[in-house]
Amino acid sequence: MQYHFNDIEAKWQKYWAEHQTFKASNHSDKPKYYVLDMFPYPSGAGLHVGHPLGYIASDIYARYKRHKGFNVLHPQGYDSFGLPAEQYAIQTGQHPALTTEENIKTYRRQLDQIGFSFDWSREVRTSDPSYYKWTQWIFIQLFESWYNNKTNKAESVETLKSIFSSDGNASVNAACDNDIPTFSASEWSDFSSEKQQEILLKYRLTYLAETEVNWCAALGTVLANDEIINGVSERGGHPVVRKKMTQWSMRISAYAERLLNGIDYNREALEWTESLKEIQRNWIGKSVGAEVEFRIQNSEFRIPVFTTRPDTIFGVSFMTLAPEHELVAEITTQDQKNEVEAYIEATTKRSERDRMADVKTISGAFTGAYAEHPFTKEPIPIWIGDYVLAGYGTGAVMSVPCGDQRDYDFAKHFNIPIPNIFKDVDISEEAYGSKDNVVIANSDFLNGLDYKKATKKAIAELEILGQGKGKTNYRLRDAVFSRQRYWGEPFPVYYVNGMPQMIETQHLPITLPEVEKYLPTETGEPPLGNANVWAWDTKQCLVISNELIDHKTIFPLELNTMPGWAGSSQYFNRYMDSHNDQEIFSQEAVNYWKQVDLYIGGSEHATGHLLYARFWQKFMFDLGLVPVDEFAKKLINQGMILGTSAKFYELMPRFEHDSKVDYQIVIVSFEIVKKYLNNDNEINTEFKKKIIQIQFDHKISKKVGKLIGDGKIEFGFMDRHVDVSFVNSSDELDLDGFKKWRPEFENAKFLTEEDGVFKVSREVEKMSKSKYNVVNPDQIVKDYGADSLRLYEMFLGPLEQYKPWNTAGITGVHGFLKKFWKLYVGKNGLNVNDTKPTANNLKTLHKTIKKVEEDIENFSFNTSVSTFMIACNELTAQKCTSKEILEPLLILLSPYAPHIAEELWRQLGQSESISTAPFPKYDEKYLVESSKNYPISFNGKMKFTMELPLDLSSEEIEKAVMANEKTQEQLQGRTPKKVIIVPGKIVNIVG
RNA sequence: GCUCAAGUGGCGGAAUUGGUAGACGCGCUGGAUUCAAAAUCCAGUUCUUCGGAGUGCGGGUUCGAUUCCCGCCUUGAGUACCA
């Protein structure tokens with residue numbers, strides 16, 4: 001019987017689905033284990049071979065844990081709201097609900113054929129109202145909460161109100177906006193309802209505020225900081241500008257310290273890779289220093305600055321404000337007004353990207369105003385400059401040119417004095433920015449102190465003056481939560497007199513309304529503005545027609561939707577009890593599953609999803625909803641599988657005069673490109689002549705040939721992607737296929753070497769449709785089977801590493817599966833019987849058990865594939881037919897190649913699925929050898945090996961080795977200085 | 001610039017309480033089988049001037065270093081006027 005993998009795989013996939021083999025129960029005597037994948041965006045392109053890598057790894061671990069006797073939860077779902085899903089819908093001109101549904105079908109089919117052990121009964125979709133009901137619910141919980149810095153947790157806004165009514169806000173220490181005036185209890189009760197709401201909004205964990213946001217006109221929406229890379233949008237690479245807009249924000253900054261503590265002080269709670277922790281650490285960006293308040297001369301205004309170097313306060317020679325700083329207009333003198341306004345005008349025009357691009361250009365303007373040094377009372381000129389960011393610290397800095405290179409450059413540029421406050425340090429060329437080896441000088445009471453002592457002393461003196469205090473600043477900004485898009489969760493919010501009101505939770509979900517035009521707009525009007533039925537009736541508690549809005553009982557609803565990360569910040573808990581329509585999840589379920597034990601996904605989510613999810617989890621922990629404040633105990637980042645792109649080279653003319661000149665298209669083999677391109681990437685003259693000839697030969701382009709000859713046209717090579725399916729393993733291009741694919745090159749001249757072989761160049765890069773290097777798993781499954789695909793993806797290399805895909809190599813693991821099948825099934829049926837296993841059989845089995853178990857525990861899935869191959873080869877060579885060996889071997893293979901394992905398991909007469917069979921235990925006694933080939937080396941160089949019993953003592957080994965005639969031959973009568981013996985390992989004779 | 005990770009055959013990679021470097025697979029070479037091909041099986045495959053040399057480069061510790069230490073180089077990732 002042959003190994004018919006397609007039949008076997010279809011058979012068992014059907015069986016597992018019908019028998020709900022992998023359905024997890026919330027009640028079990030077994031210990032629990034929760035294995036989770038980052039759920040996919042169901043994009044239109046479907047899966048490529050890179051996508052399942054993490055899913056295969058988690059599936060191996062989940063199946064292994066079942067064999068080990070755990071009650072395993074291994075769910076899957078779809079992150080179906082958000083920008084990618086909507087962009088695809090826009091591109092294809094269909095409604096996102098339809099494309100999403102179709103894409104999910106494709107994904108499900110592709111996932112099913114790989115044989116994952118998902119519990120699909122718990123599936124969630126973030127775009128499903130029964131799911132986003134709870135996303136809206138959490139939003140309301142955040143709105144009804146504030147962060148109490150005294151208790152260091154989120155508390156109900158009700159407690160805040162009662163504090164205000166009894167004591168006012170002076171005693172409150174909250175994470176909140178910094179523009180809140182102090183008020184007493186009686187003032188609070190005298191405030192109007194609107195005023196009270198306005199103040200409370202500044203304390204809430206999700207709040208509405210006018211802030212500087214990242215506006216992306218091309219996507220028609222605002223973006224959070226983590227959605228911007230190098231000044232352009234992560235999705236599509238569109239330009240992003242700063243803009244003031246009224247938006248919902250999440251007060252994640254309140255949790256900055258706890259998010260950091262989770263990384264650094266509670267290492268056991270968060271078994272994440274150091275590099276990922278590092279990314280989050282940098283993103284949170286804690287810096288410890290002081291806030292110093294500067295008085296403005298002849299004015300009531302005071303400007304606070306944040307500094308990490310209060311020890312250098314006597315080195316201040318000027319102050320710099322961000323151009324957007326709110327006091328700029330107030331303090332600028334009449335004389336300087338024009339200059340300052342012109343400068344502000346010029347800086348706001350520049351996009352974020354331009355600003356980042358020329359960091360080196362120094363620009364600024366003098367406001368004409370002076371601040372007063374807190375200690376010396378000397379006047380300090382106040383400048384504005386765009387090297388100071390409005391969004392960090394207080395948007396103002398005390399400039400110490402001798403200790404900070406940027407201040408130094410600014411001072412040099414504008415001829416501002418650079419006082420030196422460091423003892424014996426030369427600052428004539430550059431600033432001295434180091435905190436080490438400094439002694440402060442010319443600084444009154446700080447003279448002679450080092451950085452640490454001076455910092456402490458400076459803060460103490462500032463506190464006495466009442467002009468400063470120690471302060472910690474975080475780079476982490478509050479996260480903008482509104483998107484001017486259609487395909488997202490609607491906010492459960494309506495507006496009364498401009499103040500946001502929450503819809504009561506029993507009326508959730510507020511479902512996404514139908515709109516005719518769901519396209520985003522460049523001006524930022526949300527598409528929900530087009531909805532006809534989008535008003536809240538407070539009496540009937542219903543969403544009704546906009547025409548009925550009367551601002552008495554019927555009010556307008558929020559038009560923005562939530563960002564992509566809203567739905568992914570709590571889904572891992574929802575899986576625990578995904579059908580519950582009374583609660584987000586029952587306490588019973590969450591106290592059983594607690595948290596994700598193993599989470600697998602890409603590291604690109606380090607500053608987005610993985611940070612926001614930790615934030616929500618901590619918030620839910622404060623509310624007493626979850627028992628653990630970190631949602632994922634162990635996290636593994638699978639590396640990306642890269643594609644091997646192929647490129648061809650087109651000769652591109654660079655016309656100087658007449659751009660409409662017709663010419664012969666020339667496509668050049670990579671061999672020729674290499675040959676005729678000089679070091680400066682220019683085509684050499686020999687090749688140029690060839691091109692002229694080609695153009696002359698072609699009747700329509702004689703003119704071009706002449707122009708090249710006259711030096712009026714230059715040519716260069718342009719590399720372009722070609723679909724990898726037209727290229728063979730020797731990098732040769734199939735020209736007929738290529739011409740059919742790209743008809744515009746039908747009449748092109750293909751220039752090759754004499755052999756006529758057209759070669760392409762290769763490049764390893766991210767798999768993507770636009771690079772034509774995508775490999776589809778469907779074809780692989782069809783040709784080699786899911787088990788081969790699973791084994792090969794693991795065999796490619798370490799899970800966490802980036803690695804290129806190469807389909808050719810799959811024959812190796814596929815060949816192994818065929819051999820493995822042959823070990824069990826011969827031409828005349830089953831090869832397995834009740835023969836007693838030999839010592840060698842047992843040795844092979846037990847060392848395989850040991851290795852595979854260790855590999856899985858260490859996530860070294862690549863090496864255990866090799867282990868299986870070795871075991872298979874050994875047992876084949878041993879002609880092993882013993883059931884006692886071959887049956888447990890199937891359980892070892894089952895997590896990796898579940899279909900073939902299940903099939904052979906049943907053929908051996910088992911009636912139950914292999915998936916719950918207990919993992920075999922290895923016995924050391926079969927692994928112990930009685931003798932070993934000792935390498936005998938002289939001065940560290942291996943000379944020969946010698947077989948010795950393993951139970952010999954060091955002295956006995958030495959005796960035996962010295963008596964050996966080969967040893968004597970090497971020694972040539974000399975006596976060795978020393979003999980080093982490591983029992984069981986090596987003998988080294990030194991002398 | 002700063003932070004982190006990594007550099008081993010033609011390729012993917014294996015080996016670390018310091019102990020025979022190159023497991024396993026791809027590719028390649030030769031052979032068997034076949035009318036032929038595919039498939040399958042067997043043998044070989046780090047380089048070499050056959051003395052040796054060899055885990056990015058240069059040092060160090062050690063009887064012994066891919067593994068530990070110091071200094072460089074290269075690549076990748078994160079971040080970027082963060083005061």
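Note that the coordinates shown come from a computational prediction; the quantities given were computed from them, not determined experimentally. Chain A is the first sequence line, chain B the second, and so forth, proteins listed ahead of strands; every chain is numbered from 1.
Annotation: B:rA5 and B:rC70 have their P atoms spaced 13 Å apart (nearest Å). Look at the C1' atom in both B:rG18 and B:rU67: the space between them is 6 Å, to the nearest Å. Across the P atoms, B:rG27 and B:rG78 are found 34 Å apart, a figure rounded to whole Å. Only the P atoms considered, B:rU8 is 10 Å distant from B:rC57, to the nearest whole Å. B:rU66 and B:rG58: their P atoms are spaced 13 Å apart (whole Å). Nucleotides B:rU62 and B:rG19 have their C1' atoms positioned 12 Å apart, rounded to a whole Å. Nucleotides B:rU55 and B:rC50 have their C1' atoms positioned 22 Å apart, rounded to a whole Å. The same atom, C1', is picked in B:rC24 and in B:rA32; the two are 25 Å apart, to the nearest Å.
Mapping A:I986 and A:A396 onto RNA chain B by nearest heavy atom places A:I986 at the nucleotide closer to the 5' end.
Of all nucleotides listed (B:rC63, B:rA83, B:rA23), B:rA23 comes nearest to the side chain of A:I870. Side-chain atoms of A:V982 lie closest to B:rG19 of the nucleotides B:rA83, B:rG19, B:rG25. Listed nucleotides B:rG25, B:rG19, B:rU3 differ in distance to A:E278; the shortest reach to its side chain belongs to B:rU3. Taking the side chain of A:V990 as heavy atoms from C-beta on, and the options B:rC63, B:rU40, B:rC81, the nearest nucleotide is B:rC63. Taking every side-chain heavy atom of A:A808 into account, B:rC26 is the closest of B:rC26, B:rC24, B:rU20. Counting only heavy atoms from C-beta on, A:Y387 has its side chain closest to B:rC81 among B:rC24, B:rA15, B:rC81. Distance from the side chain of A:N806 is smallest to B:rC26 among B:rC26, B:rC82, B:rG25. The side chain of A:R475 lies closest to B:rA80 when the candidates are B:rC26, B:rA80, B:rA23. In the set B:rC41, B:rG19, B:rC82, the nucleotide with an atom closest to the side chain of A:N988 is B:rG19. Set against B:rU79, B:rU20, B:rA83, the side chain of A:P935 has B:rU20 as its closest nucleotide.
Using a 4.0 Å heavy-atom cutoff across all strands shown, A:T811 reaches sugar-phosphate atoms only and no base atom. Contacts of A:I279 with the nucleic acid, taken as non-hydrogen atoms under 4.0 Å apart, involve only primed sugar atoms and P, OP1 or OP2. Counting any heavy atom pair closer than 4.0 Å across all strands shown, A:K819 reaches sugar-phosphate atoms only and no base atom. Here A:K977 lies out of heavy-atom contact (under 4.0 Å) with every strand.
When the P atom of B:rC63 is taken as reference, atom CG of A:N939 falls 11 Å away, rounded to whole Å. Residue A:D409 contributes atom CG, which lies 15 Å from atom P of B:rC81 at whole-angstrom precision. A:N637 places its CG atom 12 Å from the P atom of B:rG78, with the value rounded to the nearest Å. The distance from atom CD1 of A:I810 to atom P of B:rG27 is 12 Å, rounded to the nearest whole Å. The interatomic distance linking A:Q405 (CD) with B:rC81 (P) rounds to 16 Å, in whole Å. A straight line from CG of A:N858 to P of B:rA15 spans 10 Å, rounded to a whole angstrom. Counting to the nearest Å, the P atom of B:rC82 and the CD atom of A:E291 are 18 Å from each other. Spacing between atom CD of A:E765 and atom P of B:rA77 amounts to 12 Å, rounded to whole angstrom units.
Of the N and O atoms on the side chains of A:Y896 and A:S864, at least one donor lies less than 3.5 Å from an acceptor on the other residue. Side-chain polar atoms of A:T811 and A:Y792 form no donor-acceptor pair below 3.5 angstrom. Under the 3.5 Å distance criterion, with hydrogens and angles disregarded, no donor-acceptor pair is assigned to the side chains of A:S645 and A:E763. Side-chain contact annotation: A:T844 with A:Q878, donor-acceptor N/O pair under 3.5 Å present. For the residue pair A:S253 and A:Y474, no side-chain donor N or O sits within less than 3.5 Å of a side-chain acceptor on the partner. Side-chain contact annotation: A:D409 with A:Q405, donor-acceptor N/O pair under 3.5 Å present. At a cut-off of 3.5 Å, with distance as the only test, no side-chain donor of A:T848 or A:T867 sits close to an acceptor on the other residue.
In textbook terms, a nucleotide whose glycosidic angle is within 90° of 0 is syn, while B:rG64, being further out, is anti. Because its glycosidic torsion is more than 90° from 0, B:rG13 is reported here as anti.
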Quiz item: Just by protein heavy atoms under 4.0 Å, how would nucleotides 7-13 of chain B read 5' to 3' in B, S and -?
Solution: -----BS
Quiz prompt | Pairing pattern in dot-bracket form [Watson-Crick, G-U; both distances under 3.5 Å; | = partner strand] for RNA chain B | solution = (((((((..(((......[....)))((((((.......))))))((....))..(((((..]....))))))))))))....
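Residues A:F318 and A:F410 place their aromatic rings such that the two centres sit under 6.0 Å apart.
Between the side chain of A:S399 and the backbone N or O of A:P401 there is no donor-acceptor pair closer than 3.5 Å.
An OP1 or OP2 oxygen of B:rA83 is reached within less than 4.0 angstrom by a side-chain nitrogen or oxygen of A:Y392. Taking only side-chain nitrogens and oxygens, A:S287 comes nearer than 4.0 Å to OP1 or OP2 of B:rA83. When the side-chain nitrogen and oxygen atoms of A:R281 are compared with OP1 and OP2 of B:rU79, none of them lie within a distance under 4.0 Å.
Here the rule is side-chain contact (heavy atoms from CB on, under 4.5 Å) with A:V305, and of A:E293, A:M398, A:E291 only A:M398 fits it.
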Quiz prompt | Full working for salt bridge (Lys or Arg N to Asp or Glu O under 4.0 Å) between A:E278 and A:R281 | solution = CA-CA 5 Å; A:E278 187 67 22; A:R281 215 176 275 136; 2.6 Å; yes
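Remark: A:R614 qualifies as a cation-pi partner of A:W272 under the 6.0 Å distance and 45° angle criteria applied to the six-membered ring.
Remark: A:N282 CG to A:I279 CD1 distance equals 8.0 Å, nearest 0.5 Å.
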